[in-house]
Amino acid sequence: MDFTSLFLPCARKGLIKPLHALLLVSGIGNDFFCSNKLVSMYAETGDIQSSRCVFNQIPRKNTLSWNFMISGYVKNGYFREAINCYNQLLTNSGVRPDFFTFPVVLKSCEVLQDGRKIHCYVLKLGFECDVFVGSSLIHMYCKFGDVGDAFKTFDEMPLRDLGTWNAMIAGFCQNGKAAEALGVFEEMTKQGVRMGAITVSSVLPICAPLDDLLLGRLIHNYSVKNGFECDVFVSNALINMYAKLGRAREANRVFEYMTCRDLVTWNSMVAAYEQNNDPLAALKIFSGMKENGQQPDVLTLLSLASIAAQRGDTRSGQTCHGFILRRGWTTEDMLAENALVDMYAKLGNIDYAENVFDGMPVKDVISWNTIITGFAQNGLADEAIEHFHLMAKCDGIMVDQGTIVSILPAFSHVGALLQGMVIHGITIRIGLLHDVFVGTCLIDMYAKCGRLTEANRLFSEVPRKSPVPWNAIISSHGIHGNGKEALELFKQMQEEGVKPDHITFVSLLSACSHTGLVDDGQKYFRDMRRVYSLQPNVKHYACMVDLLGRAGHLDAAYQFITSMPVIPDASVWGALLGACRIHGNVQLGDLASDKLFAIDSENVGYYVLLSNIYANVGEWNRVDRVRSLAKDRGLRKTPGWSSIEVNNKVHVFFMGNQSHPQCEDIYRKLGILLAQMKSLGYVPDYSFVLQDVEEEEKEFILTSHSERLAIAFGIINLPLQTPIQIFKNLRVCGDCHTATKFISLIIKREIIVRDSNRFHHFRDGTCSCGDYW
DNA sequence: TTAGGGTTAG
């Protein structure tokens, strides 16, 4: 009887064991052909034990026996065993590997070293010309990120088939080399090789990083014409391509058209809406997924966690966390935990984020970047910096692009120029200076640490095809009070063909606002919609209120708010309240604060502003009322402080600080300065004293404001020629502003004050802001 | 009687 025809049907029905027994009874179980086939079939059905057992019993194994065994291991995920088996084949089998051996064994390499060794042996046997072997080598090198050797192998191949091209394109693409992948793709087309479905799904992922929607659409078209749309890989790749290019609707069209959807399809569509800021649509897809009986996996939960964060929905965030814990996904790899850290940080629950982070048995660079970003974005720059230093002490964790863009904003926030410069050095060392995001963060850091010249220099070096670095440099000039330059840069941006985005206008409008360029600001606000087809959002409206309010057009600002097509949020009313503080308008201040307390009763800043407005006009009863209101709600005033970097150390001063070792010197210096200032015409402005006390005490209060302590400390400790640069966490006080102008005249040095709002460069008795801020 | 190349993340 011929048993060969029985193997396949038996395997399909899971009847290999009975067949094996039958073969043994028939006396041909140990037949060479049957044994090899059994090794293969057992492995095919997942029974690797039996497969190995039969294999071991073959007395004189041929190459085919070995190939089946190795392939069996690989198919069942036993990569180490596959490599061991291959090594046994080389050392003591008496037979040699053939063309079929290498593609399989290359797949099982878990370290580059193994792959290289195999490559050497391939060369020794002269097998490198085989298309299958060559393609597998390309794949192996790319898997370990060695695209150089992959391309070398590719380049030297005398013959290539579609699989070879696919391997090289996918390899470049998976290593983030989209341009190179496109190059190979174009070469392939030039040589007349037509894309197959696999090529299509390899090429589609490069469209997003190249920002090439046209290419994506062309390939989509080609796929439809060639019937590839039925291929689930192709459709999934199309969904992802459209989603990443911001076309959630088109992604959904592909999704709707699909007759057969798999887990990747559902995940991709959920992620498509999630990444395009449509959490509700994403949740709808997720419901569809459940209705279709598709079980979620860890990637589904990643999207769900991000959706929870977007919606500010702590409760569903915790549900995600619980689900992940129950499935045991936190132990599998760091993916899920990193996502949870990110989610909790974005929800503002930084304690939870830190808990998850601390509980991670193994942390990778993404874990560290995520927690650093989390702290920084929750305003905890010190904690961010502390974790950055902890990270540096960890073995095997290397600073990457993500680390740099997460830590630089923290340094910018506290004005730690020297530490920021160290990062600049690292950037150069690891070759990231021409990365647009790193470059942009450096521009921002230098600008916020007072080095606008350095920011300009960097701007001239980074690639500037995207609006991102332009936004940074425009905003830099804005905070330094160079409104005209900001407008000039905006013009230049358009001359270079860079399309402004929403953030460009936030930077531009606030630059106008800081410099009092009311007409320009209004013009650009109108142009946003008319010329650039950008719909202003609530942030832009807040900028406009700020622009009008700061310039003293308080009624116009209020009128503007009442005519807004979007619901004004705290930033809008906050801008109005701030303007009321500057211009002493109690009535509108009352109105704005009523609105603010209704929207966000927890923000202590609004209570302080309102009480300042009352104090300014001497309405001490109302001051007390506001203060006790804040106190009843458990809010405490953010204490004002100023810092200065001297000898690589940041010194922090609070108002009336008496604990500094050089305290006596500082107050003596301030006393001398006060006398000199008065002789030059300085008159203290007591309206900035927010306590109802005697005049003499008022003078002392003003003199011991934190910014003055820091300036005096700088005068005492910094070399004569160096500018004195201080950082204040709140807005600089008006009287200190006047005083600093006098001080700059007396000591003949430049004084730079960065407050929570902008920069003030004091020189020879004047300030760069022209007293407008 | 055997083989390679494809889609989802931070």
Side-chain angles (χ1 to χ4, degrees), chain A residues 4-5 7-8 32-41 43-44 62-72 74-75 97-107 130-140 142-143 154 160-171 173-174 195-205 228 231-241 243-244 251 254 262-272 274-275 297-303 305-306 333-343 364-370 373 400-402 406:
Chain A
T4 44
S5 54
F7 276 103
L8 206 58
F32 205 71
F33 174 83
C34 287
S35 304
N36 279 350
K37 197 74 196 171
L38 281 167
V39 171
S40 160
M41 286 297 165
E44 202 76 33
N62 64 2
T63 305
L64 187 57
S65 326
W66 289 94
N67 289 352
F68 274 139
M69 192 65 243
I70 297 170
S71 156
V74 173
K75 279 181 188 153
D98 63 7
F99 289 108
F100 292 98
T101 317
F102 292 103
V104 192
V105 77
L106 279 167
K107 236 183 147 176
D130 183 82
V131 239
F132 281 73
V133 176
S135 307
S136 306
L137 280 167
I138 294 170
H139 179 71
M140 179 277 295
C142 289
K143 188 170 88 181
F154 172 81
R160 297 172 190 145
D161 71 358
L162 190 55
T164 319
W165 292 98
N166 293 344
M168 196 63 248
I169 293 168
C173 177
Q174 284 153 1
M195 291 189 281
I198 296 184
T199 325
V200 167
S201 37
S202 314
V203 175
L204 281 171
F228 295 160
D231 184 310
V232 72
F233 278 82
V234 169
S235 296
N236 292 347
L238 281 168
I239 293 177
N240 283 299
M241 182 270 296
K244 283 192 188 139
V254 176
D262 66 1
L263 176 63
V264 178
T265 317
W266 289 103
N267 279 352
S268 302
M269 202 56 232
V270 173
E274 174 254 307
Q275 288 161 1
D297 73 347
V298 68
L299 290 182
T300 324
L301 264 292
L302 246 48
S303 293
S306 170
D333 58 24
M334 287 154 270
L335 200 68
E337 281 165 300
N338 289 348
L340 288 172
V341 174
D342 188 53
M343 178 194 77
D364 66 0
V365 66
I366 305 288
S367 325
W368 286 98
N369 295 350
T370 309
T373 309
D400 71 356
Q401 191 243 22
S406 50

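What's counted below: heavy atoms across the whole structure, side chains too, no hydrogens, waters or symmetry copies.
With B:dA3, B:dG4, B:dG10 as the candidates, the nucleotide lying closest to the side chain of A:Lys75 is B:dA3. Listed nucleotides: B:dT1, B:dT8, B:dT7. Nearest to the side chain of A:Ser201: B:dT7. Distances from the side chain of A:Asn236 to the nucleotides B:dT2, B:dG5, B:dT7 place B:dT7 closest. For A:Ser268, the side-chain atoms get nearest to B:dT8 when compared with the rest of B:dG10, B:dT8, B:dT2. If you check B:dG5, B:dG10, B:dG4 against the side chain of A:Thr164, the one that comes closest is B:dG4. Taking only side-chain atoms of A:Leu64, from C-beta outward, the nucleotide of B:dT8, B:dG6, B:dT2 with the closest atom is B:dT2. Considering only side-chain atoms of A:Asp364, the nucleotide from B:dT8, B:dG10, B:dG4 that sits closest is B:dG10.
Among the protein residues, A:Val203 comes within range of no part of the nucleic acid, since none of its heavy atoms lies under 4.0 Å from any strand. Counting any heavy atom pair closer than 4.0 Å across all strands shown, A:Val104 reaches sugar-phosphate atoms only and no base atom. Counting non-hydrogen atoms under 4.0 angstrom, A:Phe102 reaches nothing in the nucleic acid. Residue contacts for A:Ser303: at a heavy-atom cut-off of 4.0 Å it reaches no nucleic acid atom on any strand shown. If you check every strand for non-hydrogen atoms under 4.0 Å, A:Asn338 touches a base. Base engagement by A:Ala197 is indicated by at least one non-hydrogen atom pair under 4.0 Å involving a base atom. Residue contacts for A:Ala170: at a heavy-atom cut-off of 4.0 Å it reaches the sugar-phosphate backbone alone, with no base atom in range. Across all strands, A:Ile138 comes closer than 4.0 Å to no nucleic acid atom at all (heavy-atom distances).
Listed for the A:Thr300 side chain is a donor-acceptor partner under 3.5 Å among the backbone atoms of A:Asp297. Checked by atom type and distance alone, the side chain of A:Ser40 never pairs as donor or acceptor with a backbone atom of A:Asn36 at under 3.5 Å. A side-chain donor-acceptor contact under 3.5 Å links A:Ser136 to the backbone of A:Phe132.
Between A:Phe132 and B:dA3, a base-stacking contact is recorded: ring centres under 5.5 Å apart, planes less than 30° from parallel.
At the phosphate of B:dG5, OP1 or OP2 sits under 4.0 Å from a side-chain N or O atom of A:His139. Phosphate proximity of B:dG4 to A:Lys107: present, with a side-chain N or O under 4.0 Å from OP1 or OP2. Dashed line: the shortest gap from a side-chain N or O of A:Gln174 to OP1 or OP2 of B:dT7 is under 4.0 Å.
For A:Thr101, the side-chain contact (heavy atoms from CB on, under 4.5 Å) test picks out A:Thr63, A:Asn67, A:Ile70, A:Tyr86, A:Leu89, A:Pro97, A:Asp98, with sequence neighbours left out. Taking the side-chain contact (heavy atoms from CB on, under 4.5 Å) definition, one finds that A:Val131 meets it with A:Met157, A:Asp161, A:Thr164, sequence neighbours left out.
Between the CD atom of A:Glu274 and the P atom of B:dT8 there is a distance of 15 Å, given to the nearest Å. Following rounding to the nearest Å, A:Leu204 (CG) and B:dG6 (P) show an atom-to-atom distance of 14 Å. Following rounding to the nearest Å, A:Phe100 (CZ) and B:dA3 (P) show an atom-to-atom distance of 8 Å. Atom CZ in A:Phe99 sits roughly 12 Å away from atom C1' in B:dA3 (whole-Å rounding). Nucleotide B:dG4 holds its C1' atom 15 Å from the CD1 atom of A:Ile169, rounded to whole Å. Between the CG atom of A:Leu301 and the C1' atom of B:dG10 there is a distance of 15 Å, given to the nearest Å. One can place CE of A:Met343 at 15 Å from P of B:dG10, the figure rounded to the nearest angstrom. What separates CE of A:Met168 from P of B:dG6 is a distance of 12 Å, to the nearest Å.
Under the 4.5 Å side-chain criterion, counting only non-hydrogen atoms from C-beta, A:Asp231 is not in contact with A:Asn236.
A:Ser136 contributes no side-chain N or O that forms a donor-acceptor pair with the base of B:dG4 under 3.5 Å. At a cut-off of 3.5 angstrom, counting only N and O atoms as typed in the model, there is no donor on one side facing an acceptor on the other between the side-chain of A:Ser202 and the base of B:dG6. A donor N or O paired with an acceptor N or O is found under 3.5 Å between the base of B:dG4 and the side-chain atoms of A:Asp161. The base of B:dG6 sits with one of its N or O atoms less than 3.5 Å from a complementary donor or acceptor on the side chain of A:Asp231.
The distance from the CG atom of A:Leu38 to the OG atom of A:Ser65 is 11.5 Å, given to the nearest 0.5 Å.
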